[in-house]
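Have a look at the structure below, then the notes.
Because only heavy atoms are used, hydrogens play no part in the values below, and waters and symmetry mates are left out as well, while side chains stay in. Chain letters run A, B, ... following the sequence lines, proteins first, then strands; residues in each count from 1.
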There are 2 protein chains.
Amino acid sequence: MTSIKDIAQRANVSTATVSYVLNGTGNISEKTRARILQVIEAMNYQPNHIAKSLKLKKTKTIGVVVEDVTSFNSAEIIDGINEYAEDHGFSLLLTNMRVLKRLGNERIDTEHVRQLAPSAIKEILSKKVDGLIYIGIHTRDVTGIIPDNALPTVYTYCYTTNERDFFVNYNDHLAAYEATTYLIRKGHRNIAVISGLFNSNPSRERFNGYYQAIMDNQLVFDPTIIKTGDWEFESGRRFTAELLGADEPPTAILAMNDIMAAGAMSACAEQGVRVPDDISIVGFDDREFSSYLNPKLTTMRLPLHEMGVEAMRSLTDLLSQSGDVEKDKKLQCTLIERNSVAPAKSC
Amino acid sequence: MTSIKDIAQRANVSTATVSYVLNGTGNISEKTRARILQVIEAMNYQPNHIAKSLKLKKTKTIGVVVEDVTSFNSAEIIDGINEYAEDHGFSLLLTNMRVLKRLGNERIDTEHVRQLAPSAIKEILSKKVDGLIYIGIHTRDVTGIIPDNALPTVYTYCYTTNERDFFVNYNDHLAAYEATTYLIRKGHRNIAVISGLFNSNPSRERFNGYYQAIMDNQLVFDPTIIKTGDWEFESGRRFTAELLGADEPPTAILAMNDIMAAGAMSACAEQGVRVPDDISIVGFDDREFSSYLNPKLTTMRLPLHEMGVEAMRSLTDLLSQSGDVEKDKKLQCTLIERNSVAPAKSC
DNA sequence: TTGTATGCGTTATCAT
DNA sequence: ATGATAACGCATACAA
């Protein structure tokens with residue numbers, strides 16, 4: 001309410017002068033500067049960002065478009081964005097497409113998401129944010145969801161086929177490679193995989209990482225212990241039951257997410273198979289609940305927070321045109337060792 | 001970039017006329033109206049919200065101040081806010097105080113939060129949001145965190161001692177009463193409680209609900225099976241181990257959150273006590289992982305989404321001064337029946 | 001060192 | 001039915 005004009009009046013100066021001291025621009029004598037500062041303090045003046053934005057054509061706020069806040073990855077990424085944004089004076093305008101609730105929990109293909117996007121984008125564009133961060137709920141192709149040249153944009157937890165776009169994701173291949181290697185080092189030779197759906201990039205990448213680890217260690221690749229799950233609990237349970245029923249069951253299971261790992265543990269419990277004594281299990285994601293399972297689940301942690309930070313870093317670099325920005329950041333997952341893995345018995 | 005002025009020029013009218021058709025205000029002939037609309041379409045005009053906000057002194061955005069997005073309750077509440085906001089043309093400016101990361105995971109007393117608040121609030125105030133929603137990470141007293149009369153605000157998942165403030169929370173007492181009653185109906189007479197810390201309002205409310213259910217059903221209240229946990233896994237585990245060691249262990253446990261319930265299940269597994277065959281367990285919160293536990297946990301679901309919706313409804317009602325707004329909305333929890341409860345054996 | 005004046009994109013008052 | 005114009009709060013080019 002109290003504006004630059006009010007304080008100019010009280011300090012017997014022009015609005016320009018006030019603006020100068022406020023922004024540290026211009027050349028103001030120490031005397032008047034002090035007087036003005038004092039009045040500002042006294043009147044508890046708060047600059048009006050709206051007016052400033054209008055004038056400067058910069059809002060210092062970035063639009064965060066998230067497919068669903070409710071998805072397990074979103075909050076932590078947002079938190080990372082926040083950390084960096086705060087340090088650099090940016091605010092966050094949050095746009096939540098709510099695809100989970102709107103389209104149902106499963107089978108959200110990108111076509112539907114694409115239908116939801118335009119209104120969200122249009123809305124956010126007229127709010128004049130300086131840039132955009134798009135957060136997917138799955139690492140999948142969202143090409144065309146945001147119109148080209150709409151605004152400086154960085155995509156995280158998803159990707160596009162557009163050469164000019166910016167991304168930050170994590171390294172699926174390496175993560176699976178490391179998880180598998182870890183199991184191998186523990187003496188396991190017979191490592192089953194319960195993968196996600198194979199139309200998903202992460203599933204394929206992780207499988208490749210697994211495969212390479214098997215090859216690099218001169219183990220034999222056994223296709224019969226590779227099971228294609230659907231990311232859900234029940235598939236983890238069912239395929240584990242199958243694996244357990246084999247003549248010579250695997251001594252370890254690599255599940256491509258913690259949910260299927262939980263399903264796997266459930267199947268083991270049902271059949272009286274002890275984890276990790278009889279079979280080792282490692283998950284993927286490091287969901288919060290993985291330390292509430294019994295036993296606590298060993299799993300690959302996704303660098304969600306860091307992804308948020310890096311996404312925001314890329315974006316601010318983009319906005320300040322400071323040199324060239326890395327096009328496709330790939331962060332590393334880290335193995336969280338808990339209690340669901342033991343050395344192979346045959347050792 | 002293309003402004004009202006540009007389209008006025010192209011349509012051979014004044015900016016005023018354009019503004020009139022844009023807002024449906026004024027009296028414009030159908031002919032020019034159509035022409036203008038056409039130009040708007042042709043030039044792909046997007047109104048500039050910033051300019052509009054400056055003129056109207058209304059931004060149609062509300063500030064969401066959240067103690068930590070990362071806390072399990074936040075995302076779903078935000079989602080609810082979003083649902084209502086979207087339907088009413090509001091945007092969300094998200095301010096994340098990040099108390100969990102900043103102050104460490106435990107023992108975040110409100111004093112520290114209070115220190116973090118002022119800068120967050122100041123920031124958001126200068127962005128000129130129309131109103132505020134404050135989301136706590138625990139249902140506790142946050143009086144004074146937001147300066148009086150700063151802006152219309154509604155508090156959710158927390159409360160203040162200020163008579164004039166607005167809240168939306170859930171009914172702890174009733175929830176615990178219902179959970180306990182449910183157990184009693186299943187034939188349980190010996191129902192232990194693992195509560196949260198007793199400096200917390202929800203702990204006390206829930207205990208009172210439990211107690212009243214015991215009384216209303218003419219059962220005897222046994223103080224020795226009331227254990228004061230600290231909301232964490234380990235306390236659930238430890239106290240359950242204690243309970244199990246008694247001469248006549250309880251046949252059911254009511255844990256005041258799902259995490260301690262998971263701890264309880266863990267203790268049972270360690271001692272070879274089967275859930276629900278030997279002992280029934282009900283949790284609180286309906287965290288996502290509760291259906292990944294083995295057995296799947298029966299628990300009280302918190303109405304988080306609805307809290308967000310109702311908070312936003314209160315706020316918009318407040319802003320439009322439409323009649324009087326309910327000061328203190330209390331939503332109901334609902335029991336989610338899964339597999340951790342069975343009828344008492346003695347039945 | 002400081003002040004005057006203009007414009008950012010709108011809305012709305014008052015003319016016409 | 002439509003237009004000219006001031007104002008919203010601020011930054012800045014230019015003048016003094």
Side-chain angles (χ1 to χ4, degrees), chain A residues 1-40 43-61 89 91 122-130, chain B residues 1-40 43-61 89 91 122-130:
Chain A
M1 2 214 83
T2 120
S3 79
I4 218 179
K5 209 191 293 189
D6 300 320
I7 89 110
Q9 217 158 26
R10 269 270 265 269
N12 277 319
V13 292
S14 75
T15 61
T17 316
V18 178
S19 178
Y20 291 144
V21 338
L22 239 22
N23 297 298
T25 157
N27 229 332
I28 307 292
S29 76
E30 203 41 61
K31 203 168 49 186
T32 56
R33 164 190 202 70
R35 187 168 79 250
I36 290 175
L37 249 22
Q38 192 185 329
V39 177
I40 285 175
M43 301 188 73
N44 188 27
Y45 166 79
Q46 306 276 18
N48 182 328
H49 263 152
I50 299 288
K52 190 166 181 154
S53 296
L54 180 60
K55 178 66 187 174
L56 261 31
K57 292 167 170 300
K58 270 195 197 176
T59 53
K60 280 297 240 177
T61 109
S91 298
K122 190 169 178 172
E123 159 83 10
I124 214 168
L125 248 36
S126 79
K127 294 277 182 169
K128 302 297 173 193
V129 295
D130 294 341
Chain B
M1 4 213 85
T2 121
S3 80
I4 218 178
K5 210 191 289 189
D6 300 320
I7 91 108
Q9 217 158 24
R10 270 271 265 272
N12 276 321
V13 291
S14 74
T15 61
T17 315
V18 178
S19 178
Y20 293 144
V21 340
L22 240 21
N23 297 297
T25 156
N27 227 330
I28 307 293
S29 77
E30 203 42 61
K31 205 170 47 187
T32 56
R33 163 190 203 70
R35 188 170 78 250
I36 290 175
L37 249 22
Q38 192 185 329
V39 177
I40 286 175
M43 302 186 73
N44 188 29
Y45 166 78
Q46 305 277 18
N48 182 327
H49 266 223
I50 300 287
K52 190 166 181 154
S53 295
L54 180 59
K55 180 65 185 170
L56 261 31
K57 293 167 170 301
K58 270 194 198 176
T59 53
K60 280 296 238 177
T61 110
S91 298
K122 189 169 180 174
E123 160 83 11
I124 214 168
L125 249 37
S126 79
K127 294 277 182 169
K128 302 296 174 196
V129 297
D130 293 343

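The closest side-chain donor-acceptor pair between A:Lys128 and A:Ser53, if any, does not fall under 3.5 angstrom.
Of the listed nucleotides (D:dC10, C:dG3, C:dT11), C:dG3 has the atom at the smallest distance from the side chain of A:Val13. When each of C:dA12, C:dT10, C:dT2 is scored by its nearest atom to the side-chain atoms of B:Leu56, the top-ranked nucleotide is C:dA12. Residue A:Ala16 has its side chain nearest to D:dT12 when only D:dT2, D:dT12, D:dG9 are considered. Closest contact between the side chain of B:Thr15 and the listed nucleotides D:dT12, C:dT11, D:dT2 involves C:dT11. Set against C:dT11, D:dG9, C:dT2, the side chain of A:Ser29 has C:dT2 as its closest nucleotide.
Nucleotide D:dC8 holds its P atom 14 Å from the CD1 atom of A:Ile4, rounded to whole Å. Atom NZ in A:Lys60 sits roughly 18 Å away from atom P in D:dC10 (whole-Å rounding).
At C:dG9, none of the side-chain N or O atoms of B:Ser3 fall inside 4.0 Å of OP1 or OP2 (strictly under the cut-off). Contact check, A:Thr17 against C:dT1: no side-chain N or O comes under 4.0 Å of OP1 or OP2. At D:dC10, none of the side-chain N or O atoms of A:Lys5 fall inside 4.0 Å of OP1 or OP2 (strictly under the cut-off). Between A:Ser19 and the phosphate of D:dA11, there is a side-chain N or O to OP1/OP2 separation shorter than 4.0 Å. Taking 4.0 angstrom as the limit, B:Asn23 places a side-chain polar atom (N or O) nearer than this to OP1 or OP2 of C:dT11. For C:dG9, one of the phosphate oxygens OP1 or OP2 lies less than 4.0 angstrom from a side-chain nitrogen or oxygen of A:Lys57. Look at B:Lys52 and you'll find a side-chain N or O under 4.0 angstrom from OP1 or OP2 of C:dT11. Within the structure, every side-chain polar atom (N or O) of B:Tyr20 is placed at least 4.0 Å from both OP1 and OP2 of C:dT13. Within the 4.0 Å cut-off from OP1 or OP2 of C:dT10, not a single side-chain nitrogen or oxygen of B:Asn48 is found.
The two atoms that bring A:Lys127 and B:Thr59 nearest to each other are NZ-O, 3.4 Å, heavy atoms only. Closest approach of B:Val21 and B:Arg33 over heavy atoms only: CB-NH1, 4.1 Å. Contact between A:Ile4 and A:Tyr45 at its shortest, heavy atoms only, is N-CE1, 3.7 Å.
Counting heavy-atom neighbours within 6.0 Å of B:Arg35 CZ, excluding the residue itself, gives a total above 12.
For D:dA7, the base has a donor-acceptor partner in the side chain of B:Lys55 [N/O atoms by modelled type, under 3.5 angstrom].
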